[in-house]
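Worksheet for the structure shown next.
Quick note on labels: first sequence line is chain A, next is B, and so on, each numbered from 1.
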Amino acid sequence: MNKQQVDIFPTKQGDGRPLNMEPAKGVLSHLSALEVRARSRQVQPRQRSRVEELRARAEALTVQRDRLKAEIHAHKGIEKHKTRLNNRGAAAAEEEMETEDNENEQLLHLIARVMDLKQLLYAHHIIGGYDITKTRRGKGICVTLSTAYEGVYLETYNMELDVGPTLKISRHNVPPFIPLGELCEPAGRQKDLRGFLDPLLTRLNAFAGRRQQLRLVKELHPSVTVMESNMLCSILVILLSTPREKTTLLCTLNYTDHTRCLPTGVHFDCEDKKLLESSKWKNNRKLLMETPVHKALGAMKNMDCIG
Amino acid sequence: MEDQMKSLLRQLVRRIPIRFLKVTLEKWGRLTVAQQQNIDFTQTKWALADELIAYSEENRLTLRHITELEMIYVIDNPNQGMWHAFQLVDPESDAPAVELMQFKEQFKSHLNELVRNVSVKMKKNTDEAVWIRIAWGDSCSRPNNMRPTYVVHYLQTPYVFVTRLTSKQKTLLSQAMIIATRHQAIKDAHLSGRNFSAIRDLLMQEYEQVFPAKYPSALVERNQIAALPNIEREQAEAEVNRLQMACEAFGGGKLPQLQSVVYKLETKFKDPSNQTFTEREKPFNCVVTFTSKNLLESLRHCASSGIASTPITPLLSSIPRRGRNYFVITDKVSGPSSQINPTV
Amino acid sequence: MSLLKPFSRRPALNTATILLVEREEEFQQRLAEVLVEETAVTLNVRLAKSLPLPFENQHSRPRIDLVVFIVNLTSELSLQSARASLKYLDPGYFLGKVCFMATNARNAAVPQERLDTLRGLAASLRCTLLFAEDQTADGATNASERLLTILKVAAGLVPMTTALYLSNLTMCTVPSNTNEVDFD
Amino acid sequence: MEAMQYLSESPDSINSSSNDQPVSNRNLNRSQRIAEKEKRKNEAEDPFVAAVKYFSDVEAGTPVMGNDVFEGNLVVVEKVAYAEGLPPDAISVMLEFAMSLRMGTSLCPRVLKCLIPATVVPQDAVVRAVAWLGVSKIPISTQVLFIKWVLTVFDMIDAKDQLRAIYGFIFSFVTEENLCPFICHLLYLLTTKQNVRVFRIRKLLDLQDRLGKQPFLLHLLSLYKVFCPELVTLSVPSRMKRGFRNHNSPWKSALAFVQKKNSAAIAPSAGVTLTIKDQSNRRKRKHCHLELPVLTCALNKESQAELSSNRKLVPLAHLRSFAELLENMHRIELPAQMGSLLSTSVALHYLDCVQEESALLRLNFWLGYTLREEFLFCRDGGATQNSDEALQFLNRLLCAHQFLQEGFSSSEGFLYKFLTVWDGCLMRPQILGLLSNIPVVPSYKMGQLLLEPLKQLYFTSSPFFKCGLLECLNGMLRNWLTWHSVYALEDNMDISISSHTSIYMTLSGLKDSVSQLVQFVDHLAVVGLQLESCHSLLLNFILDFYETVCDMFLKYGLPLVVLPSPGVFYPALLATDPVSVDRLAYIMHRYKVNLAFAKSQLKITEAFRISRQTFSDFNHYVVDMVNFLWNAKAFQSGVNVQLDEGILQRSKVPECSTSFDLVYHPAFMSYAIDFHHKCWPERKELDLSSIKHVKPWSWYVEYLFSQGYDGLELFKRTNINRWQPVKGDKEDSGTMQL
């Protein structure tokens, strides 16, 4: 404790300098320092508690193992039951014979049924059914619409609907330029959920597709410059350069049909009109009309119509 | 004209903080590199403005260039002044087909029909947003560039964001807007605030929303506490539920920085202890305002930490759900419970 | 309504269990993390928002030696919920196995009355009232240290003392505000 | 009057943006080109001087519009001002120019904005300007701006005496609605005791009726109350919302810049920003007033020399040595911020010997307010409480306390409040340090103010806190006793504990307080040892305390002897470390001496009656101690410790009752063994009992003393009188009879 030798009292001759002494040094602050050190020493031997962690982990694992075992057992039971049902056909008469563990039978029945239903639901997903969850104790449902383009999954949109006398959208995260209202309006009145969801899904898919195309154009064709586009991706103006004629031409694609991801109108602009008259560019227009734009551009590049 | 430009430039210099001034000028790119270098940013705004004026005279810059500078600054820091949101309704059939070029010239021409002496400047931002700067004048006076109105619109979306708009100009603007965007009407969205991006994100739904789903959402994992072996939360699952509900109501992740909500109560005064008020026939009017740095996040925290009871009352949850921060609450004719009416 | 009982279960060897009840659930977590660093005894921390505790994990729950109500003085609710939770405790706990911990006592937003109410509550129940600096790390460490001191006694790990004895020494008292007059 | 007609002509707008006429903007460009030129050629012939000259003798009524010369000059001045600040004379010139409205009101704000003092602001300039406030027609906004400026540079004004002289005049502006807050602030800084007058108070009060309880009024009033409590009757709320705002915004950045630039020359505290008055913008600047302003009034030595010649008062800041202080004692001028007094020893010296208590009143007022606001009612819930400012501040305060060797009453009051909400860790060394400096607390208050909170903290905290608290209480006791021995007046036992907190207390009162304190600590000690199972560090602090207690009579002349209770005595006696035992022995020795002295006194006067009980207790202790250490008759007297034989038997020690003594005492065992080796190096097997024989025993005891256990030696000398080699290990303890 040599710290307490620090002089507690100031130099008595009054020099104008601010007092430069640390009164808090000394026994009291030294004690605090000691306390801190003691604490740090105490925290050090962490091993013991580490061991505990491991023990806890082991505990958890054993529990899990037991549960799995139980499940396996149940499965076995069900399989047995199923086979028995099958080879026994619908001979319900003998069922009374088996007096032993009757309620067990019931249980197995139920389990089997649940599993069948689960599988059904899964199948339903596979074939593109909607993924619907009940909310607010059945007063509402939540629909999940996942979009995809060329086998790539894109954004997922959700919607919460009130299933009252009429369908009502309570909330959603569908982008604002998709006219939800007018889609919901007719279907909502005669609670035709599919009639509402199907067109919506197609629109969303189309939109996602168009946006994906735009993205692909940007990254696959650096030579092509995108002059104009909009949020809905309903219009796309791109600048093409022709290597042979050494001119540039402006290509405008209109997607007026928002349910499709192919353009409804393609229009070229170029100073020398006869180039546009050429059959090659007629083909190009056709190509652009029928194939997704990034693919079309790829094809055109191969035919080196464009650079 | 000349000195209008000067005063505008002076005003700009006064408005823009020194630290932004440099970058803004660079973006503007109307000054030569040399000029930009020997600007001394330590001197007073006053002297600085003089210097800039001198340069712009050397470079023969006109008012339009200065307005350009202003737009650049405003687009980069939009969070100043009150922004109000409006909603376009009943689109025409060809509304979705509207594209920038035609919108531009339609809007300008219509506005010019309505008022002479108005100068409009449009600029499309990288995020598809169309920024419109309108300097209003009237039949006799030249456009006043000192107090321009700013309008932001995303084509094909029904939302329009406006700042610095007088009621007189409002009618004119909405006229032009309706026609240019092929809609039949425009109405107030009852959403306003200083933070532009917050308002935009709220209406355009550019924030993470959470929906009930079969599969455990990310929330649960995200909010798992680092489980030390011998710390046990007694009411853990209740907590998770609260959080789920809160996030469903207000959204997950970072939320738009909405800063205030106003409830205008026009309900009957009910208090057994106070007869005189309770007997009154006409509703008891009062205004309740919530303010916070980030209101939605604080509300969410209130709900998730159980300070506010769950399920969350529609009074709160309909702020994000309906994207508005001004509500009028009136008594339902049947039943005492108060409801929200989108009146006004 | 299930009372929480101090002696419902047999104590485990060289273990102590503390229950932290806090409405805001902010400070308790940090406290718990510091508390479990204690290595001399095996320490279990249970966190709750309020009482009663859910019936489900009654079996997994060890015997609780000390119940701590953390009251954030800046919120009236916090105090109220603590008060409401009290009635789910077996009277046995009030023989030195309950204590209150107040946070934010030095905050300007705290009305004097609330602090007095809390004091009154603690005093009327013969409980200890600790104050804690929840904002700083040191504050948390110190708070946990003090809780530990009480807990060890309450769990019977300190020879020659009992919870009742200690609480008699540290029991909160309501000051008659004579000091208000001569120091203001 | 010319000013008037120009009023009408020029639009009154702040930044003189009167450039809607082509004329003016032409001259603006020109002006700005002039500026350019200024920048280029670096003062061949100083244009600044010229500019200032221009402003000094520009005659009234010169037009502003299209006046290039004027514009140019102003730009020059502004440049200098914002670059390195204006010298005093320039300040006075410009101020005069602006306030006299020689060229219309429109310029006034612009000029004011550029009045950035480089070193100091001459007082007379300010006084003149204030005078102008009275006469000329300055728009109210400008007046406000001016007052704000004065507040901002207040501490750079070289002297305040003349300002104080026109206190009344300044006060007259209070009635002006818009000026009121700022005037109040200014008055607050200027007020001295003699300024407090009934009619002023009345004025303020009816203002308060008009404007409601405005914080600025409250603050001024509360300051008046501090000076003359008998005049101000209104009750000031214990917590005021917020003090005066900080008005330095227009100058802040520039001022800071300039000061940073020539901080080498002087270090003026940035105006009022450091005093207690800027509660409002604390959200931005935490602990704004915790950092003590450097005691300075922006004067460098040589200028001070000539100034002090023509001025009466000497700012405290100028005194460098105690000697200077002494010769200027009669004409000290206090700084605006009492806080700065804490930071220099001269100031503290001054405080120590000054008689008129206004300084102390102000200091206490400021201190109490600061402590309360910063540590009891924090805005941020104390998140930043451990910040260095806070620690620095408390350390300073602590220094001041220890320098004056007494506490301020305000800090005492603060401590009592703080203890009730303390977590026992926050700034522990500082708080305990301050606590040990509080003056004697009358015993009827002590329990509640001090002991209860401390008790609750003590028993729930770590042993280190326990030690700290004991140390603190020990210090407290020592201070009290010292005060007593200093202030005690023999004639009537009436002592004034400290000159500042004027508590008058009779000797009996003091004795009550002290004995209450000692008993309290004794209780803490006993239970503490029990809880911490005789923590040896704790034990040492306890013995520290008793080393103070046992000498109260002889050292400090307080006729009071309090013995430790068995709960302390026996743990110490049976401690496992020899030091504790030794210290106990020393303490018992001192008790013996004190009691002996008391007895001798008793023969002279009846004043110091020590109760019979004390003597008998002491005797029991001594007997036991001797029996334990020397006579190997542990646990036999059985007065304080009854030990049932069975237990002793169970310890399986052969004839345990007789074997325990200095040899077998756990604390000394090692010495015994060591001694044994030294004594009989040839012996293989260890036989400690052989030490107990007469001769080796005496050697052994001597050996122990030689190891530096003076306590034991002293104890032996005073308490063990007879030493009979014949009867072996039978010694008689020198007990005391009454």
Side-chain angles (χ1 to χ4, degrees), chain C residues 72-74 99 101-112 115-116 118-119 122 128-153 158-161 165-180 182-184, chain D residues 235-239 241-242 368 372-387 409-410 412-428 444-445 447-450 452-453 455-465 523-524 527-528 530-533:
Chain C
N72 177 355
L73 283 171
T74 47
C99 76
M101 175 170 267
T103 63
N104 280 323
R106 301 182 302 111
N107 194 323
V110 176
Q112 186 60 33
L115 182 50
D116 296 342
L118 179 58
R119 276 230 170 74
T128 314
L129 170 59
L130 304 180
F131 290 85
E133 299 295 323
D134 61 335
Q135 314 274 342
T136 59
D138 295 0
T141 328
N142 183 63
S144 69
E145 192 107 343
R146 293 176 73 188
L147 285 181
L148 218 51
T149 323
I150 303 175
L151 175 62
K152 279 182 181 163
V153 175
V158 180
M160 306 179 45
T161 57
Y165 178 51
L166 185 64
S167 74
N168 269 326
L169 293 169
T170 62
M171 178 170 62
C172 174
T173 53
V174 184
S176 65
N177 41 20
T178 54
N179 55 350
E180 295 303 322
D182 38 17
F183 295 105
D184 256 351
Chain D
S235 69
V236 182
S238 71
R239 290 181 47 199
K241 277 290 145 288
R242 64 164 61 95
R372 236 190 3 255
E373 285 299 311
E374 284 302 330
F375 298 105
L376 286 175
F377 303 120
C378 334
R379 294 293 186 286
D380 57 350
T384 53
Q385 273 307 303
N386 258 334
S387 68
S409 61
S410 52
E412 185 190 359
F414 159 73
L415 281 171
Y416 292 145
K417 287 207 183 310
F418 190 77
L419 284 184
T420 58
V421 293
W422 192 26
D423 75 330
C425 165
L426 182 67
M427 299 176 293
R428 185 189 297 168
Y444 68 91
K445 276 201 224 155
Q448 178 172 92
L449 291 182
L450 207 57
E452 260 311 322
K455 202 173 88 191
Q456 289 170 21
L457 281 164
Y458 177 86
F459 287 118
T460 53
S461 296
S462 67
F464 294 97
F465 178 87
H523 176 217
L524 293 191
V527 183
Q530 178 187 351
L531 288 177
E532 303 294 341
S533 57

So, the part of Leu166(C) with a heavy atom under 4.5 Å from chain D: the answer is side chain
Sorted by chain and number, sequence neighbours left out, side-chain hydrogen bond (donor to acceptor under 3.5 Å, both in side chains) with Thr460(D) holds for Arg146(C)
Heavy-atom closest pair (Ala132(C) atom, Asp423(D) atom, distance to 0.1 Å) is CA-CB, 3.9 Å
Given Asn142(C), Thr141(C), Thr149(C), the one with more heavy-atom pairs under 4.5 angstrom with chain D than any other is Asn142(C)
Ser461(D) backbone acceptor or donor facing Glu145(C) side chain under 3.5 Å:
no
Bottom line for Thr170(C): the part with an atom under 4.5 Å from chain D's heavy atoms is both
The interface call for Phe418(D) against chain C, heavy-atom contacts under 4.5 Å, is side chain
Do Leu426(D) and Arg106(C) make a side-chain contact, defined as non-hydrogen atoms from C-beta onward lying under 4.5 Å apart? yes
Okay, Met171(C) and chain D: the region with an atom under 4.5 Å from a heavy atom over there is backbone
Working for side chain to side chain contact (heavy atoms under 4.5 Å, CB included), residues Phe131(C) and Gln456(D)
CA-CA 11 Å; Phe131(C) 290 85; Gln456(D) 289 170 21; over 6 Å; no
So, the part of Thr173(C) with a heavy atom under 4.5 Å from chain D: the answer is both
> Are the side chains of Thr420(D) and Arg119(C) in touch, meaning some heavy atoms are under 4.5 Å apart?
Replying inline: yes
CG (Leu376(D)) and CG (Asn107(C)) are apart, to the nearest 0.5 Å, by 11.5 Å
Looking at side-chain heavy atoms only, is the closest gap between His523(D) and Leu169(C) below 4.5 Å? yes
Under 4.5 Å to a heavy atom of chain D? For Leu115(C) that would be side chain
